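A short worksheet on the structure shown next.
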Amino acid sequence: MKRFMVVLIIVSLPNVLLSQSIFLNKGKSAPVFNAGTAAAKNITAYALNIGYSVNGILDIGVGAARSNFSDNSLRSDLNSTDFILFTKVFALKEMEKMPISLSFDGS
């Protein structure tokens, strides 16, 4: 179970990095693209995400991830292929006079 959680965290990490709106001013829009890979002793993971930031307050997109864990001592493999939809809305964005941000996301 512990190893499964490590794989889950490695595969999920690129989704955390998809918050393009945090860098844009309100009213600005931009595409989001993220590709990532991770490797450890018995673990490999790949992820690809594309999306769009709308007016600097809403991020939407899709992603795919593939991971593989092999344990030679147990002679077993754990493979996972995931497809996600993601969205993130910024209720408050950090500015000079307000040093706090508040966002809601889901995938």
Side-chain angles (χ1 to χ4, degrees):
M1 184 66 173
K2 184 178 176 182
R3 291 177 180 156
F4 175 75
M5 293 305 293
V6 169
V7 170
L8 183 63
I9 290 169
I10 290 172
V11 170
S12 298
L13 185 60
N15 296 326
V16 175
L17 303 175
L18 284 172
S19 181
Q20 178 74 10
S21 288
I22 195 71
F23 302 109
L24 297 174
N25 294 327
K26 284 188 177 181
K28 301 283 184 177
S29 298
V32 177
F33 176 79
N34 178 288
T37 184
K41 184 177 179 182
N42 298 328
I43 301 170
T44 57
Y46 307 96
L48 178 66
N49 301 290
I50 58 172
Y52 198 73
S53 176
V54 181
N55 293 327
I57 57 169
L58 173 69
D59 290 341
I60 55 174
V62 297
R66 175 88 173 129
S67 62
N68 179 1
F69 169 75
S70 61
D71 190 345
N72 293 332
S73 64
L74 297 176
R75 295 182 183 169
S76 65
D77 288 341
L78 175 64
N79 296 303
S80 171
T81 302
D82 304 301
F83 299 97
I84 64 161
L85 299 173
F86 65 87
T87 184
K88 186 170 206 164
V89 177
F90 284 87
L92 296 173
K93 288 185 68 171
E94 183 177 354
M95 300 180 340
E96 283 185 36
K97 296 180 181 180
M98 182 181 63
I100 189 169
S101 292
L102 176 64
S103 65
F104 302 96
D105 59 31
S107 60

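Please read all numbers here as calculations on a predicted model, not as lab measurements.
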With the 4.5 Å side-chain cut-off for hydrophobic clustering, are [X] and [Y] part of the same group?
X: Y46; Y: F83; value: no
X: V32; Y: L58; value: no
X: Y52; Y: F33; value: no

(message) Is it the case that over 12 heavy atoms from other parts of the model lie below 6.0 angstrom from the CD1 atom of I100?
(response)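 No, CD1 of I100 has 12 or fewer neighbouring heavy atoms, counting only those of other groups under 6.0 Å.
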
(request) Could you tell me whether a side-chain N or O of T37 sits under 3.5 Å from a main-chain N or O of A45, the two making a donor and an acceptor? (result)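 Yes; at least one donor-acceptor contact below 3.5 Å.
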
(message) Can you tell me how far apart CG (N68) and CD1 (I43) are? Round to the nearest 0.5 Å.
(response)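 That separation rounds to 9.5 Å.
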
(request) Supply the atom-to-atom distance D59 CG to S53 OG, rounded to the nearest 0.5 angstrom. (result)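 It comes to 4.5 Å.
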
(request) State, yes or no, whether a side-chain contact exists between I57 and V89 at a heavy-atom distance under 4.5 Å. (result)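 No. Closest side-chain heavy atoms not under 4.5 Å.
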
(request) Establish, from distance only, whether the side-chain atoms of D82 and S80 form a donor-acceptor pair under 3.5 Å. (result)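 Side chains of D82 and S80: pair found under 3.5 Å.
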
(request) Compare every heavy atom of A35 with every heavy atom of L48, then report the nearest pair and how far apart it is. (result)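 Minimum heavy-atom contact is CD1-CB, 4.0 Å.
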
(message) Minimum heavy-atom separation for G63 and N49, please, with both atom names.
(response)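 The pair with the smallest heavy-atom distance is CA-OD1, 3.1 Å.
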
